[in-house]
Q: 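The structure that follows is given in the form of structure tokens.
Just so we're on the same page: letters track the sequence lines, and every chain starts at 1. Note that these values count all heavy atoms, side chains included, but never hydrogens, waters or copies made by symmetry.
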Amino acid sequence: MSMTMHVNIVSAEEEIFSGTVEQVHAPAVMGEVGIYPRHTQMLTRLKPGEVRIIREGGEEEFYFISGGILEVQPHIVTVLADTALRAKDVDEEAAQEAKRRAEQSLQEGGNSDEFDVAAAESQLAEAIAMLRTVEHLRKKLKGGRS
Amino acid sequence: MAIGKEIRTQIKSVQNTQKITSAMEMVAASKMRKAQERMSATRPYADNIKRVISHLAHSHPEYKHPFMEIREVKRVGLIVISTDRGLCGGLNTNLFKAATLAMKDWMSSEFEIDVCVIGQKGVGFFKRHGGKIVSQKTHIGDTPKIEDLLGSIKVMIDAFSNGEIDQLHLLHNEFVNTMTQTPTRHHLLPLQVDESEGENLGYHWDYIYEPDAKDVLDETLMRYVESLVYQGVVENIACEQSARMVAMKAATDNAGDLISDLELVYNKARQAAITQELSEIVSGAAAV
């Protein structure tokens with residue numbers, strides 16, 4: 001019987017593969033790497049490309065990933081796949097957008113930077129009291145009916 | 001014959017409301033199932049990346065990442081995940097209460113606070129009561145993509161790595177079960193890794209980093225924070241749907257109660273009117 005190791009391929013949104021395999025080939029940033037069981041610990045970034053695994057018995061499977069991270073432990077290999085192509089400038093743009101929206105809504109609201117604890121607390125207390133009253137009324141109604 | 005026309009109109013209107021709330025209940029129930037599935041689908045990534053991070057903590061990297069450094073706190077970052085829509089009972093109220101408590105606490109130790117808000121309800125809340133919103137994201141829908149959240153998360157992570165904030169917290173509702181959701185706060189940055197967690201291999205080892213330690217660690221830790229926030233959002237959606245389902249069920253029941261009360265009143269009025277008419281006829285006939 002040949003040696004095997006456990007492989008998990010996951011993306012943030014779902015689990016892609018989990019099982020026992022003989023070999024893993026992944027597109028690392030410095031060139032494709034082939035991992036066999038008992039490989040030394042390694043942590044590397046992945047390029048978009050194909051992860052090829054050879055399952056127990058020699059069956060081959062391919063998974064496309066658009067980048068991510070590969071962690072290798074002697075008997076367990078983890079591929080943390082990205083769900084989308086990630087580019088620094090796209091992320092930067094999204095960050096700017098999020099900031100811009102925040103500023104815009106602050107201007108519209110015309111409020112201060114200072115969080116008004118007292119106002120928030122009183123409004124929340126009111127809301128919670130209302131919820132409690134509703135709950136109470138419901139119980140009373142239910143009790144009265146039965 | 002127009003007996004109790006007002007009551008009939010009112011019954012009709014309550015019935016219409018009941019139709020809406022029961023439809024919303026059913027929609028929320030089916031969405032909740034999907035949201036719960038999505039919640040469990042995101043769990044493997046979080047578990048795996050957590051394991052990688054705990055391995056990292058046990059290895060002896062030649063490079064100490066700024067995300068792991070504990071700094072003196074002057075400014076705190078808080079990511080609040082709320083819902084986009086209302087009609088979900090006390091879900092948001094309880095969350096904002098937890099936020100207010102935490103912020104009150106920080107303000108009393110004279111920390112300044114930067115807030116990142118996800119969800120329309122949170123934006124509304126902080127708009128009303130002030131608070132420095134540095135980034136926001138609304139309208140994430142029922143099936144959020146991690147890309148949708150990256151912008152607002154990046155603002156906070158950048159603020160942390162530039163030294164603008166010294167701590168980053170995440171506040172969202174935790175899905176306990178369909179009936180219970182509790183607001184929970186997680187400490188995101190600096191990373192707190194439980195030393196006792198995970199297997200300690202007992203000897204010194206370190207990873208081979210490709211291309212180099214800084215690059216890889218940067219990305220890994222970024223992904224870690226992103227995945228936690230993403231999981232928070234997905235969980236909050238499951239909470240929203242189940243809270244809405246429960247609230248709408250209560251509303252439907254209440255509408256039913258209201259309708260039966262009104263019908264009782266209506267029938268009493270109708271009977272009274274018939275009795276009166278009869279006695280008028282009888283007394284009229286007797287007079288003739």
Q: Counting only heavy atoms closer than 4.5 Å, note whether B/Val52 contacts chain A via side chain, backbone, both or neither.
A: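 Both the backbone and the side chain of B/Val52 come within 4.5 Å of chain A.
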
Q: Which bit of B/Ala250 comes within less than 4.5 Å of chain A, counting heavy atoms only: side chain, backbone, both or neither?
A: both

Q: Side chain, backbone, both or neither: which part of A/Ile69 has an atom under 4.5 Å from a heavy atom of chain B?
A: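 Just its side chain gets close to chain B.
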
Q: I need the minimum non-hydrogen distance between A/Val29 and B/Pro211, along with the two atoms involved.
A: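 Reported closest heavy-atom pair: CG2-CD, 3.6 Å.
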
Q: How about B/Lys137 and A/Glu97: do any of their side-chain heavy atoms sit closer than 4.5 Å?
A: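 No, side chains not in contact.
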
Q: Can you find a heavy atom in the side chain of A/Asp82 that is under 4.5 Å from one in the side chain of B/Ile146?
A: no

Q: What is the minimum heavy-atom distance between A/Ala98 and B/Gly151, and which atoms define it?
A: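 That closest heavy-atom pairing would be CB-C, 4.0 Å.
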
Q: For B/Thr93, which atoms come within 4.5 Å of any heavy atom of chain A: side chain, backbone, both, or neither?
A: both

Q: Answer yes or no: is there a side-chain heavy-atom contact under 4.5 Å between A/Thr78 and B/Arg51?
A: yes

Q: By a 4.5 Å heavy-atom criterion (distance strictly below it), what part of A/Ala120 contacts chain B: side chain, backbone, both, or neither?
A: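 Its backbone and side chain both get close to chain B.
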
Q: Tell me, side chain or backbone of A/Ala81 under 4.5 Å from chain B's heavy atoms, or both, or neither?
A: backbone

Q: Looking at CG of A/Asn8 and CG of B/Asp47, how far apart are the two atoms once the value is rounded to the nearest 0.5 Å?
A: 9.5 Å

Q: Kindly check if the number of other-residue, nucleotide or ligand heavy atoms within 6.0 Å of CD (A/Glu60) is above 12?
A: yes

Q: Tell me, yes or no, whether the heavy-atom count around A/Arg101 atom CZ, taken from other residues, nucleotides or ligands under 6.0 Å, exceeds 12.
A: no

Q: Are A/Glu13 and B/Tyr45 close enough that some pair of their side-chain heavy atoms sits under 4.5 Å apart?
A: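 Sidechains of B/Tyr45 and A/Glu13: no contact.
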
Q: B/Arg43, B/Gln231, B/Glu219: which one forms the most heavy-atom pairs within less than 4.5 Å of chain A?
A: B/Glu219

Q: If I take atom CD1 from residue B/Ile53 and atom CD from residue A/Glu71, how far apart are they, to the nearest 0.5 angstrom?
A: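 Separation between the atoms: 9.5 Å.
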
Q: Assess, by modelled atom type and distance only, whether the side chains of A/Gln41 and B/Tyr209 contain a donor and an acceptor separated by less than 3.5 Å.
A: no

Q: Count the heavy-atom pairs under 4.5 Å between each of B/Ile153, B/Val123, B/Asn48, B/Val155 and chain A, then report the option with the highest count.
A: B/Asn48

Q: Check whether more than 12 heavy atoms from other residues, nucleotides or ligands sit under 6.0 Å from atom NZ of A/Lys47, and answer yes or no.
A: yes

Q: How long is the span from the CD atom in A/Glu121 to the CG atom in B/Leu101, to the nearest 0.5 Å?
A: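 The CD atom of A/Glu121 sits 6.5 Å away from the CG atom of B/Leu101.
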
Q: To the nearest 0.5 Å, what is the distance between CD on A/Glu14 and CD on B/Glu37?
A: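 Answer rounded to 0.5 Å: 12.0 Å.
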
Q: Nearest 0.5 Å please: distance from the CD atom of A/Glu103 over to the CD atom of B/Gln136.
A: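 Atom-to-atom, A/Glu103:CD and B/Gln136:CD are 10.0 Å apart.
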
Q: Name the region of B/Tyr230, side chain, backbone, both or neither, that has any atom closer than 4.5 Å to a heavy atom of chain A.
A: side chain

Q: Given that the side chain runs from C-beta out, which part of A/Ser11 has a heavy atom under 4.5 Å from chain B: side chain, backbone, both or neither?
A: backbone

Q: Between A/Val10 and B/Pro44, which heavy-atom pair has the shortest distance, and what is it?
A: CG1-CB, 3.7 Å

Q: Under 4.5 Å heavy-atom distance to chain B, tell me which part of A/Leu124 shows up: side chain, backbone, both or neither.
A: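 Both parts, backbone and side chain.
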
Q: Quick one: pull up CD in B/Glu210 and CE in A/Met30 and give me the separation to the nearest 0.5 Å.
A: 5.5 Å

Q: What part of A/Ile76 lies closer than 4.5 angstrom to a heavy atom of chain B: side chain, backbone, both or neither?
A: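 It is the side chain, since no backbone atom gets that close.
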
